[in-house]
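Note that the structure is predicted; figures quoted are calculated from it, not measured. What you see below is based on every heavy atom in this structure, not just the backbone, and it leaves out hydrogens, waters and symmetry mates.
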Amino acid sequence: QVQLVESGGGLVQAGGSLRLSCAAPGRSFSMPDMGWFRQAPGKEYNFVAYINQGGTSTSYADSVKGRFTISRDNAKNTLSLQMNSLRPDDTAYYYCAAKIRGFNIRNANEYDYWGQGTQVTVSS
């Protein structure tokens, strides 16, 4: 069974930074294409960022472009999301997700495995 585990969430003031991490414990699952999504209370999953398996291609939601950076370390089988210049509207539960099938990198329904999420709260 594939397991993804996020960490690094927390409470931060507007303008601050956080770094989220996602790990795939064990050796049976090498992270494929990966994405970060977020979900605010009562709302749907929103695409945040994507990185391909080789780490050579990335994509970001317009709302985070220039502030967030997605990266991965395939040797350690980990994924990261560096979040700078955080704003109150970045407050949400953040999820990492693994994508094996499909072509729409921004569609949550095309991601196959999800972590349990980590809360990010940005105060004004």
Side-chain angles (χ1 to χ4, degrees):
Q1 182 170 346
V2 174
Q3 183 181 17
L4 298 173
V5 180
E6 299 99 334
S7 60
L11 173 64
V12 64
Q13 288 189 331
S17 298
L18 282 174
R19 185 177 182 87
L20 305 184
S21 296
C22 175
R27 299 183 178 180
S28 62
F29 181 72
S30 295
M31 287 185 174
D33 294 356
M34 298 293 295
W36 286 98
F37 287 79
R38 64 188 181 186
Q39 185 180 35
K43 298 192 175 182
E44 61 186 14
Y45 289 104
N46 284 328
F47 169 77
V48 175
Y50 159 90
I51 188 167
N52 70 343
Q53 186 173 23
T56 58
S57 177
T58 59
S59 182
Y60 297 91
D62 288 343
S63 59
V64 308
K65 199 173 295 183
R67 300 188 297 123
F68 291 12
T69 302
I70 189 171
S71 61
R72 64 190 298 158
D73 185 335
N74 286 342
K76 297 180 179 180
N77 213 24
T78 57
L79 175 75
S80 297
L81 184 69
Q82 177 66 42
M83 305 186 295
N84 299 328
S85 302
L86 283 161
R87 309 184 307 217
D89 61 359
D90 293 318
T91 295
Y93 227 74
Y94 283 71
Y95 298 86
C96 66
K99 179 176 180 58
I100 298 174
R101 57 184 172 85
F103 299 98
N104 188 340
I105 63 173
R106 297 175 181 243
N107 185 350
N109 292 327
E110 293 197 9
Y111 284 74
D112 300 272
Y113 302 104
W114 292 76
Q116 83 289 351
T118 185
Q119 177 69 45
V120 171
T121 302
V122 184
S123 63
S124 57

Would you give the length of the straight line joining atom [atom1] of [X] to atom [atom2] of [Y], rounded to the nearest 0.5 angstrom?
X	Y	atom1	atom2	answer
Y45	N107	OH	CG	13.0 Å
S124	Q13	OG	CD	9.0 Å
E6	W36	CD	CH2	5.5 Å
R72	N52	CZ	CG	7.0 Å
L4	N77	CG	CG	9.0 Å
T118	Y93	OG1	OH	6.5 Å

Taking the side chain as everything from C-beta on, heavy atoms only, tell me whether [X] gets closer than 4.5 Å to [Y].
X	Y	value
Q119	L11	no
T69	Y60	yes
V48	L81	yes
S80	R19	yes
R38	D90	yes
M83	V64	no
M31	C96	no
P25	V5	yes

ask   = Is the gap between the ring centers of Y111 and Y95 under 6.0 Å?
value =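 Y111 vs Y95: aromatic centres not under 6.0 Å.
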ask   = Between Y94 and F68, how do the two ring planes meet: parallel, tilted or perpendicular, split at 30° and 60°?
value =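 Because their plane-to-plane angle lies in the 30° to 60° range, the rings of Y94 and F68 count as tilted.
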query = Any idea which heavy atoms bring N84 and S17 closest together, and the distance?
reply =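 In this case the closest contact between N84 and S17 is OD1-OG, 2.9 Å.
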Minimum heavy-atom distance between Y50 and D33, given as atom pair plus value =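 Looking at all heavy atoms of both residues, the shortest contact is OH-OD2, 3.0 Å.
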ask   = Okay, side chain of K99, backbone of R101: is any donor-acceptor separation there less than 3.5 Å?
value =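 It does hold such a pair.
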ask   = Going hydrophobic residue to hydrophobic residue with side-chain gaps under 4.5 angstrom, can you get from L20 over to W114?
value =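 In one cluster: no.
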inquiry  = Membership question, hydrophobic clusters at under 4.5 Å side-chain separation (ILVMFWY): are L18 and L79 in the same one?
reply    =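 Looking at the clustering, L18 is in the same group as L79.
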task = Scan side-chain atoms only and decide if R106 and S59 contain a donor-acceptor pair under the 3.5 Å cut-off.
result =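 Distance-only check passes for R106 and S59.
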